[in-house]
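Single-structure report; data block below.
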Amino acid sequence: MQTTRLKLVTIIAEAVLEDRLLRELKSLGARGYTMGEVRGEGTRGIHASDWEGQNLRIETLVSPEVAERIMAHVAQHYFPDFAVIIYSVDAEVVRGPKYL
Amino acid sequence: MQTTRLKLVTIIAEAVLEDRLLRELKSLGARGYTMGEVRGEGTRGIHASDWEGQNLRIETLVSPEVAERIMAHVAQHYFPDFAVIIYSVDAEVVRGPKYL
Amino acid sequence: MQTTRLKLVTIIAEAVLEDRLLRELKSLGARGYTMGEVRGEGTRGIHASDWEGQNLRIETLVSPEVAERIMAHVAQHYFPDFAVIIYSVDAEVVRGPKYL
Amino acid sequence: MSGTPSPPSPTRPSWRSLPIRPVSLQLRAQSAPRLCALSLCFREGAALEILEVVRINLFSPMVLAFVLGILATSLGSDLRFPEELYTGLSIYLLLAIGLKGGVELAETSLASFWAPALMTLALGIGIPLIAYVILRRLGRFEVADAAAIAAHYGSVSAVTFAAVQTFLQAVAIPYEGFMPTLVALLEVPAILVALLVARLATGGGDGWGAVIRELLIGKSILLLLGGLAIGALTGKAGFAQVEPLFVGLFRGALTLFLLEMGMVAARRLRDLRRVGRFLIGFGVLMPLANGLIGIWLGSLAGLSQGGAIVLGTLAASASYIAAPAAVRIALPQANPSYYLTASLGITFPFNLAIGIPLYYALSTLFY
Amino acid sequence: MSGTPSPPSPTRPSWRSLPIRPVSLQLRAQSAPRLCALSLCFREGAALEILEVVRINLFSPMVLAFVLGILATSLGSDLRFPEELYTGLSIYLLLAIGLKGGVELAETSLASFWAPALMTLALGIGIPLIAYVILRRLGRFEVADAAAIAAHYGSVSAVTFAAVQTFLQAVAIPYEGFMPTLVALLEVPAILVALLVARLATGGGDGWGAVIRELLIGKSILLLLGGLAIGALTGKAGFAQVEPLFVGLFRGALTLFLLEMGMVAARRLRDLRRVGRFLIGFGVLMPLANGLIGIWLGSLAGLSQGGAIVLGTLAASASYIAAPAAVRIALPQANPSYYLTASLGITFPFNLAIGIPLYYALSTLFY
Amino acid sequence: MSGTPSPPSPTRPSWRSLPIRPVSLQLRAQSAPRLCALSLCFREGAALEILEVVRINLFSPMVLAFVLGILATSLGSDLRFPEELYTGLSIYLLLAIGLKGGVELAETSLASFWAPALMTLALGIGIPLIAYVILRRLGRFEVADAAAIAAHYGSVSAVTFAAVQTFLQAVAIPYEGFMPTLVALLEVPAILVALLVARLATGGGDGWGAVIRELLIGKSILLLLGGLAIGALTGKAGFAQVEPLFVGLFRGALTLFLLEMGMVAARRLRDLRRVGRFLIGFGVLMPLANGLIGIWLGSLAGLSQGGAIVLGTLAASASYIAAPAAVRIALPQANPSYYLTASLGITFPFNLAIGIPLYYALSTLFY
Ligand SMILES: Nc1ncnc2c1ncn2[C@@H]1O[C@H](COP(=O)(O)O)[C@@H](O)[C@H]1O
Ligand SMILES: Nc1ncnc2c1ncn2[C@@H]1O[C@H](COP(=O)(O)O)[C@@H](O)[C@H]1O
Ligand SMILES: Nc1ncnc2c1ncn2[C@@H]1O[C@H](COP(=O)(O)O)[C@@H](O)[C@H]1O
Ligand code: NA
Ligand code: NA
Ligand code: NA
């Protein structure tokens with residue numbers, strides 16, 4: 001089984017950001033995403049999701065460069081005002097080119 | 001705390017494959033699984049899940065050998081016709097033997 | 001993009017443990033968590049969640065020391081009687097101090 | 001049935017409470033010369049009657065809710081039905097159709113049932129074969145794609161059945177109480193026939209037994225047949241206990257469901273260009289042909305006019321619950337864009353908005 | 001109550017609209033010699049009456065839906081209720097039971113209420129103790145397992161209550177309006193008693209205070225008591241505003257809920273072999289004994305026949321909402337296979353299908 | 001409207017079936033000397049009448065369910081509504097409000113509609129401006145926070161509208177059928193005005209076009225307007241088909257929804273201390289002032305007393321569906337604690353429990 005090492009980037013964000021984040025992921029080079037509904041708490045107090053619905057957990061498998069770009073973008077645009085976290089993990093995938 | 005390094009294999013697949021995938025995971029040596037409902041997009045266009053419901057995200061903690069086997073099996077049987085991706089990540093678990 | 005390497009600890013547990021686990025995570029030093037609903041099977045047979053609802057999947061980004069503490073705590077208090085598993089994965093985060 | 005002057009009107013009691021003017025019953029009283037156009041002949045006055053019926057259908061809350069759903073998705077609204085609500089509503093609708101049918105089935109004589117049942121089976125075998133040949137020969141589709149689409153058009157859409165039921169109630173045309181049984185009869189065979197055709201044509205296909213089994217215990221058949229059995233066993237007195245939920249709310253629930261269906265159909269409409277012109281034409285003409293055949297066979301089988309309209313609509317409708325699931329498993333190489341877009345994006349809206357009153361119009365050729 | 005010739009029939013107005021022949025009221029008119037078998041004596045004609053009542057119960061839409069649920073899971077159907085639908089239905093049912101009870105409670109004199117309330121408390125303390133001893137001595141269960149099962153059988157199943165309510169409505173037997181209050185009274189004490197027993201026997205068990213607190217504010221008690229309070233405060237006029245939802249749809253919603261419960265029970269039935277023969281017998285005989293005691297105590301407390309049947313059914317029922325959650329936290333070492341399979345897989349179906357008409361039959365021994 | 005002696009009572013038919021004593025209609029017959037207090041003058045007997053009306057409101061199942069929800073969360077109960085149930089109920093409520101309004105709108109003459117519509121627009125522009133100035137000057141809030149809160153108070157809460165509708169039905173005061181149209185008219189402009197103010201004050205703010213677009217196709221406006229259109233197109237006969245769901249169950253569904261809203265409001269109440277005393281006062285006094293202005297403008301526009309009460313309540317209510325979503329996107333730097341706690345934790349409960357009967361009382365000053 002030949003595998004490729006990629007980055008699995010995970011974003012936890014308020015639900016109101018869904019459309020915007022998915023659009024931006026695409027334009028930053030992600031070729032796909034998987035998204036689920038979650039609840040959570042962090043250091044920021046109440047956010048709009050308390051009423052408007054849950055947080056989203058968005059995962060995307062990307063090359064290390066795209067991962068870097070996504071993390072920089074999210075940090076710059078969302079950290080100041082929104083309840084958002086982002087992290088990345090090393091993942092082995094089959095069919096590497098599919099994600100590049 | 002003594003921990004063991006295992007593989008956390010994640011499969012994202014159309015919901016219609018649920019029964020079949022779980023059966024095959026078991027026969028390939030997985031001792032358990034955790035499954036949640038997600039939505040997603042990738043390089044394949046529309047798939048039946050567009051109507052029949054969401055994607056599934058199936059995670060299983062297994063030994064590296066079983067991980068290898070699962071990834072090969074899924075790649076061979078599902079990649080051609082189904083909207084499926086699979087990847088694996090290194091994980092530290094307590095109670096290693098439980099998963100072997 | 002400056003990142004920090006932390007531990008992403010994941011707990012899969014019966015839903016009845018929700019309140020207790022979240023309280024304990026906090027007191028063990030976690031600064032936040034993200035939680036979703038999942039189903040699953042493992043080596044333990046039926047558990048109360050079969051009726052009372054699904055399993056929970058709780059993720060928390062913490063320092064390696066806190067991760068160690070959480071894993072030891074869960075192993076000691078929950079493994080004997082409850083359907084619970086715990087594992088950790090290395091993750092790169094932005095804004096490291098937020099999680100410490 | 002043909003001997004009796006007025007067909008049985010099982011649902012009539014509940015019409016009485018409806019403040020709807022029974023349009024057609026009055027119009028149908030006149031039965032005289034016929035107008036002919038396109039080699040179809042209508043009674044005089046029928047054109048007017050048909051326009052009125054089209055209007056009643058288009059301005060029903062159900063069809064309007066469907067249009068609202070299409071608008072919502074086309075405009076990009078954030079309106080979204082929780083998937084659980086959709087699932088809950090479809091469980092409710094299937095069970096309600098079954099229950100009501102079962103209560104009435106219990107009062108049906110076998111004598112009036114066997115001929116329509118046979119005709120229904122004939123439709124279930126004939127339609128997918130015809131559809132397959134058309135799709136292969138004229139449409140030049142691959143074997144798997146042709147068989148997959150054929151399975152959908154042979155099978156049946158329970159929500160289209162609910163819509164035609166509601167339509168007939170609004171225009172006060174009675175129909176046989178056992179029609180839900182025909183829904184169940186028509187749902188499975190067509191899928192099996194189409195899969196068999198694909199298998200014969202390609203040779204492949206394992207998991208055949210599993211497919212049959214999954215179809216028969218699939219949720220839509222199980223709820224329909226289960227509802228029929230419960231209705232038949234519990235009878236009128238037992239059913240009265242649950243009537244406020246399963247009859248009283250039926251059309252309201254259908255309205256909500258069609259709102260969601262409109263959103264789904266609109267998502268499929270985006271794929272219209274991808275599926276090509278042939279399939280768009282097929283999605284409109286095939287139901288027309290099937291509807292006409294269904295009405296004709298229904299009239300041969302001695303169904304009342306209402307019953308023939310229902311059978312025609314069933315024949316015209318394309319499945320989107322049982323068929324997609326079965327086809328995805330049994331014919332994974334078939335492209336879901338084709339069958340989902342054709343059945344959900346084209347044929348379902350067509351039947352809902354235009355088809356149903358049209359089948360009513362066509363039925364006047366036989367009654 | 002015993003002084004008045006006819007017991008209050010708070011629910012009678014709504015029967016009038018029901019097209020159900022009030023079977024038993026006619027049959028009960030005859031009251032004469034008694035037949036004796038197994039040392040139980042019945043009035044002549046009672047056997048016939050009981051068969052009819054069993055038939056009415058078995059062929060009710062609710063019981064049939066439960067059977068359909070069992071079939072669905074046994075056959076491996078893909079029918080699945082969204083968990084949210086299940087949660088929504090149980091919130092609805094508990095609140096509806098409470099609301100209706102509250103409206104009627106407001107019109108109950110304390111004089112007729114205190115004796116049944118005391119008897120209910122006695123049941124809540126007595127049943128878990130008896131069950132515990134039986135399970136330890138005869139069943140040879142571990143302390144934790146015995147106490148866990150005892151907690152379930154002492155406590156009460158709100159859905160079984162809903163089923164007996166519906167049954168009595170169908171056979172036109174009135175019962176006291178304050179019965180939902182007794183559901184709330186019976187739900188908690190038994191669990192506490194059983195946990196206390198386990199604690200005394202083992203010495204362990206922290207988080208005791210938390211358990212009591214969680215029981216009292218647990219969703220089922222909160223909705224029942226909350227509903228009772230709202231019903232009592234808002235009165236008949238206020239309740240009339242929400243009656244179409246909370247009364248009109250009640251039995252339909254119960255039918256849907258029992259469909260889901262059938263699927264759950266069927267999953268538990270798979271564990272039957274694992275739990276052993278003793279527990280299977282216990283799951284049938286314990287409710288019988290509890291039912292008989294409940295009816296007897298009810299008759300002593302001056303309840304009407306209908307009221308005694310309800311109290312007997314409550315005593316016979318086993319909890320599966322409050323008890324499992326509390327026991328899982330307070331007695332984690334108890335094996336959930338035992339208590340869930342016994343209460344959900346054995347006792348619940350038994351009560352629903354056979355127990356309820358049987359408690360009716362047993363009640364004729366006292367009335 | 002002012003010319004006709006008795007205002008139109010579109011909903012009266014359904015009152016007849018309600019066993020509620022039409023309190024106020026009798027009381028309002030007497031119209032004589034006035035009592036003055038706090039420079040407000042009431043008719044003699046009005047104080048008594050108002051107390052009775054407060055009682056009717058406080059002891060309605062809806063308000064009591066809201067209180068139960070607050071209790072559930074305050075006590076830490078594990079009662080939790082599935083989010084899907086909440087979403088489903090709000091889709092239902094918005095559509096039901098729209099549908100019913102649409103049927104009646106179709107029978108409204110433009111002549112009686114334009115003045116109230118203009119007054120509503122005036123409210124939608126005036127209230128956010130006044131609120132903004134108060135919050136900046138007296139409350140010393142940041143620009144973004146002040147504009148965010150102003151957007152909420154200018155816009156409107158559909159559930160508060162449903163509550164005042166239900167209240168007027170219970171006290172048998174008729175109101176104009178086109179009020180839901182005013183809900184839709186009032187919802188959007190205020191948010192736009194407030195965002196515009198913030199933009200002018202800070203200069204920033206991209207994605208402006210997107211915000212307007214998202215507001216207009218946002219689910220609450222879409223369902224309201226869509227429902228209005230469907231109701232108007234389908235008319236009374238079409239609507240009768242779905243009335244059991246959309247009218248019959250309305251108040252029951254509202255009760256369930258308010259149970260959930262109570263739980264949400266209780267979570268917001270925990271933040272009370274964080275938002276400071278000024279905002280608590282603002283959350284009570286602003287709706288009072290807005291309510292009074294709304295009633296006054298309503299009376300100027302020739303609305304019936306019921307219509308003026310509704311318009312006052314709309315003006316007094318604060319949005320919590322459209323506004324939070326729009327504000328979070330357009331003014332992310334505004335602190336959600338402020339606007340959510342004020343609108344959900346303070347103003348909503350205030351209006352529900354005290355405000356609505358109070359606006360009734362205030363309306364007697366003008367009628
Ligand atoms: N340490 C953490 N571990 C896991 N998830 C977190 C953590 N901190 C924050 N989150 C998630 O990120 C969301 C926003 O975090 P915050 O901005 O800190 O409020 C929270 O609602 C959680 O879902
Ligand atoms: N790059 C990706 N990152 C995360 N999830 C993906 C990615 N590509 C595909 N997926 C998931 O896998 C499913 C099937 O992908 P595909 O076969 O490419 O359509 C999608 O619906 C997504 O849920
Ligand atoms: N090997 C595994 N991989 C992934 N999830 C598992 C595994 N084993 C157990 N689980 C999860 O942990 C829960 C409890 O496991 P157990 O205690 O083994 O029954 C299960 O319900 C699964 O959700
Ligand atoms: Na068909
Ligand atoms: Na009991
Ligand atoms: Na307002």
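Computed from a prediction, not measured in an experiment: that's the story for all the values here. Throughout, protein chains are lettered first and strands after them, A, B, ... in sequence-line order, and every chain is numbered starting at 1.
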Region of C:Ala75 that comes under 4.5 Å of a non-hydrogen atom in chain B: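 Side chain only.
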Which portion of C:Ile86 sits near chain B, non-hydrogen atoms under 4.5 angstrom: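 Backbone plus side chain of C:Ile86, per the 4.5 Å heavy-atom cut-off to chain B.
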Sort [X] into side chain, backbone, both or neither according to what part of it lies under 4.5 angstrom from a heavy atom of chain C.
X	value
B:Val94	both
B:Gln2	neither
B:Leu8	side chain
B:Leu6	neither

Considering all heavy atoms of both residues, which atom of [X] and which atom of [Y] are nearest to each other, and what is their separation?
X	Y	result
C:Val84	B:Arg95	O-NH2, 2.8 Å
C:Arg39	B:Leu56	NH2-CD2, 4.4 Å
C:Val89	B:Ala91	CG2-CB, 3.8 Å

Point-to-point distance, once rounded to the nearest 0.5 Å, from CD1 of C:Ile12 to CE of B:Met35: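 C:Ile12 atom CD1 to B:Met35 atom CE measures 12.0 Å (nearest 0.5 Å).
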Flag side-chain contact, heavy atom, 4.5 Å: B:Val93 against C:Ile85: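 When only atoms from C-beta onward are counted, C:Ile85 and B:Val93 do not touch, as no gap falls below 4.5 Å.
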Derivation of the salt bridge (Lys or Arg N to Asp or Glu O under 4.0 Å) call for B:Glu59 and C:Arg57: CA-CA 11 Å; B:Glu59 288 174 320; C:Arg57 181 181 195 277; 2.5 Å; yes
